[in-house]
Structures are given as structure tokens and as C-alpha cells.
Amino acid sequence: MNEYDSNRILDLVKLMGYTATKNPSDADCYILNTCHIREKATEKVYHDIGRLRKEFRNKKKPMLLVTGCVAQAESQEMFNREKYIDGVVGPQSYHQIPEIIKKIEKKKNKINKTEFNVIEKFDTLNLIKNSNSKISSFLTIQEGCDKFCHFCVVPYTRGPEFSRSFNEVMNEAKQLVENGSKEITLLGQNVNAYEYKNKNNTMHLSDLIFKLNEIKELKRIRYTTSHPRDVTKDLIEAHQSCEKLMPVLHLPVQSGSSKILEAMNRKHNISFYYEIIEKLRKAKPGIRFSSDFIIGYPGETDDDFNQTLELIKKVEFINSYSFIYSARPGTPASKLDDVDPINAKKRLIKLQAILEGNNFNYKKEFLNKPTEVLFENKLKDQDKYFGRDKFLNPVVVESTQELTGQILDININNFNHSSLFGTISSNEKRNFAA
Ligand code: SF4
């Protein structure tokens, strides 16, 4: 989502005459767009600012704005700690950046904007064309969260759930496709909680997917990040019927133990999660799942951890993320006692070795078979192109022909822990039914 936000911030400041510079030491204005989800995010920001100070020691100081969730969480405290900062702007206030820049330019005083103005933000953004022209683009449709998992800061930094209007999302999707995008990933902290009511109807994520499926030039649709509780019947039907909806779903589970899920306030148990997986598999044979795992959540025993391993074995997740639990300030879980860190580390190593092994076996299955790849860009200074297959696997291919934007069958002949490598086995663009 920060990538989407950064692009939209650029669209806003372009209207003031700013352009993005490839040479950061020439910048007149720095915008550090931050994420707060990982541990030490705040420290990283101060570290980056220290680096900037050094870089500009003998030059005119650039204007410095800190935006995103660290700005929201730290707010005024940032000015107390770092005098180099000129503005602190929360993720629901970034539409005001042009105004903030003008004020700072004029009066040189510090500005803090961390209100939850999400409606005003999208009202402003809807008036400005999205200029992103990547082959694969992000499109925010929903923000915020009402679920309050006990370990998570998102409900406090992004605010309550908000869904953008159906028509505005469709308009922006069409802009992206006109700009050249062939793949759109719909974004939201709880993307499948998307719900937009107009006079006559209530529209859900599945309605958006069905509508996007009709855009001829759009070839692929994805969405992230979803919550198991919001995987509804209509969404499962979209997986069954929409050919352009890709057959891989990131469905965070965090733990395989119902006891820990309850402690996390995830509001579902593990049987429910298994049921969702089964329904999706039935609707879309061959669908694969990735997930997030928090290891060593307060109260996690060896038995709880073993249930997570059992889940991984059964679902055969691919390309998943796993972390040792770290307390986020202000969350209910931060008041609980941590699991012994040595034990938590041992568990993480064990779990990651299993996920790695699964990934290795999974990637091996691709060898000597064709896989359909959408090429996104040429690698710098090389006759190589980067793309992704339907399952989001990175694929690299050597070619002297321009491949960007094409969908080709690639014969996979090698792989490493992150990517597949292959050669073109068909030169024809694939046609998709609209
Ligand atoms: S559902 Fe996701 S975003 Fe919402 S509180 Fe839980 S982990 Fe955070």
C-alpha cells in the first residue's frame, strides 16, 4: 500500500512542478514514506534521517516530510526527537501535502497532520489522474481495519475500515489500463471487507473483480491482504468464474492453534480456516495459498507450535512470511509476557526450514514445464527480462527481443530460492476471454 501511496503523492506534487529525481543528493524535498508493521521501523526512520543529514552537510538542507504509519504513530514526538524534520503527515492526510509544502516554503514552520481524513483524501485523489504506468499496478480500494487483532497497530495507524466508491475504483482501474497496466492488484488492509453502499446496492470485492474481468486489455487481477473471516460465498464464486483472477491467494492465518488464534483476537478458529481452504480448492482446483505466521506469540506452547507445523504440512503454503512475535507499543498483546526468546528463535528456524523445503519442492515441480509469464521489465544493463507467473513466482528470461508487457509461455529449466529461470517456448501473445 505504501507503494501505491508513494505514487499518488508523486501525482500530487507533480502538479506543483516537482518531479521525482534519480539523484537523491539533488533533491529539494524528501518524503520518507514509512511503514510501522515491523519491529524497529521507527529507528530505521531516524537512521535514514541521520544519513540525509550527512549527505546534505555542506549543501542547502532539503525540505523533509515523514509520511506513513510511523508518522501517524509518533506524531509530535518526531519533532521533539529530530529537528531536521519539517513535516509529519499521517497516511490519511497525505492529500494535503501540496498545501503543507507551500506553508513550509513560506513560513518555515513545522507542520503536523495526523488526522483521519480518509474521505477527504480519496475525494482529492479522485480528481487527480493516476499516472502510474507499470505493467503490474496496485490500486487501493479499502483502508483501515475494525478487527483489532491484539498484536496489530493498523487499526490505530490507518483508522477504521473505509471502502472507496465502486465507480471511483473502476475509473482509476481504467486509467491504469490506459497507461499500460496489464495486471492490477486490489489493495486494502482488509481488502475482502470491501463494502460500498450506493442508493440501490451494496457492492463487495467480488463485484469489483467481476467488473474488472470485463476490461479487455486487463489480463490479470489479484487482491491482498485478505482476512479469512471475509472470504464470502460470492468471493469464492469469483475465484471459480473469473478467469483473470489469479490462482494464488495470500490468506494470513498467523497460527495453527485455535487457542492462540483466540488469544490474538482473530475471531475464527483453525477449523474455520481449513474449511475456507477446502471451499476455495473446490471452486478453483490448483489454487495455491501463501500466508503470514507469527511465531512465539505470548502463551504459545510447543503443542500450539506443532499445530502450526501441521497446518503448513496440510495446506502446503508457498512463498509465505514468518516472524518472531514482537510487541507493538499500545497493543493489548504488548502487556503480555513474551515466550522465552531462545525457544521462539528455535521454533522460527524450524518453521522456516519447513517452508523453505516446501518452496523447493514446489519450485521443482515447474522444471521442464511451460508456465505463463507476464513480463514487467528489462533488467538493468542485461538482455534479461523479469516477469511473474500466475502464482506470483518471479521468472527471469534471457531475450534480445523486447518482452515488456507480453504474456508468454516460458519453459522453466532452472530455479533458485526466489526465482524461476527459463526460455521462451511460445512467441505468441495469449488471448484472454473477456
Ligand atoms: S485484521 Fe489484519 S490489519 Fe486488522 S488488526 Fe488484524 S492483522 Fe491488523
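Just the heavy atoms: all of them, side chains too, but no hydrogens, waters or symmetry mates, feed the values below. In listed order, ligands and their atoms are each counted from 1.
Of the possible polar contacts, none joining the D230 side chain to the H227 backbone as a donor-acceptor pair under 3.5 Å is found. In terms of modelled atom types and a separation under 3.5 Å, the side chain of N319 and the main chain of S290 share no donor-acceptor contact. Between the N358 side chain and the I318 main chain, no donor and acceptor come within less than 3.5 Å of each other.
Counting protein heavy atoms only, atom 6 (Fe) of ligand 1 is closest to C149 SG, 2.3 Å. Scanning all protein heavy atoms for the shortest distance to atom 4 (Fe) of ligand 1 gives C145 SG, 2.2 Å.
For the pair R266 and ligand 1, a heavy-atom separation below 4.0 Å is found.
Proximity annotation for atom 2 (Fe) of ligand 1: of V154, N190, T157, N190 comes nearest, heavy atoms only.
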Could you walk me through whether F293 and F323 pass the ring pair (Phe, Tyr, Trp, His ring centres under 6.0 Å) test, one step at a time? CA-CA 6 Å; F293 299 95; F323 305 96; over 10 Å; no

Determine, step by step, whether I287 and V248 satisfy the side-chain contact (heavy atoms from CB on, under 4.5 Å) criterion, reporting the C-alpha distance in whole Å, the side-chain angles of both residues, the deciding distance to 0.1 Å, and the verdict. CA-CA 5 Å; I287 190 170; V248 62; 5.7 Å; no

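Ion pairing of K129 with D11 is absent here, as no side-chain N (NZ or NE/NH1/NH2) approaches a carboxylate O to less than 4.0 Å.
Look at C152 and atom 6 (Fe) of ligand 1: no N/O/S atom of the residue is under 2.8 Å from the metal.
If you number the atoms of ligand 1 from 1 as listed, the ones under 4.0 Å from a heavy atom of P155 come out as 5 (S). Atom numbering of ligand 1 starts at 1 in the shown order; those under 4.0 Å from a heavy atom of H227 are 1 (S).
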